[in-house]
Amino acid sequence: MTITVNIHEAKTHLSRLLERVAGGEQVIIAKAGKPVAMLTPITSAPAERVPGIDKGRLLIGSEFDAPLPEFDE
């Protein structure tokens, strides 16, 4: 189910709206009747990041720290 509320109502009743979103509903926030944002429930946790997963796939050239030509005088 989706409901639409104006910005003032969303600010006033944010806790109640978040309870409804946690229950599976979607809330559209509108300004002057025009939708500008949507609150939706998070369905799954993001995958855990693994440090170093791309090791060896990125090469940094030796000139990386060299001065830029446009700053040479």
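Numbers for residues simply follow the sequence, beginning at 1.
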With a 4.5 Å cut-off on side-chain heavy atoms, are I29 and L39 touching? yes
Do I42 and L17 sit in one hydrophobic cluster, given that two such residues count as connected whenever their side-chain heavy atoms are within less than 4.5 Å of each other, even indirectly? no
Please say yes or no: joined through hydrophobic side-chain contacts below 4.5 Å, possibly via intermediate residues, are M38 and I3 part of one cluster? no
How far does CD of E25 sit from CZ of R20, to the nearest 0.5 angstrom? 4.0 Å
Tell me if the CD atom of E70 is crowded by more than 12 foreign heavy atoms within 6.0 Å. yes
Tightest non-hydrogen contact, residues G33 and A30, listed as C-CB, 4.0 Å
Apply side chain to side chain contact (heavy atoms under 4.5 Å, CB included) to the pair V21 and T40, showing each step before the final yes or no. CA-CA 6 Å; V21 168; T40 60; 5.6 Å; no
CG of N6 to NZ of K11: how many Å apart, nearest 0.5 Å? 10.0 Å
Name the one of I7, T12, V5 that satisfies side chain to side chain contact (heavy atoms under 4.5 Å, CB included) with E9? V5
Return yes if some donor-acceptor pair links the side-chain N/O of D54 with the main-chain N/O of R57 below 3.5 Å, else return no. no
Check whether any side-chain heavy atom of I28 sits under 4.5 Å from a side-chain heavy atom of T2, and report yes or no. yes
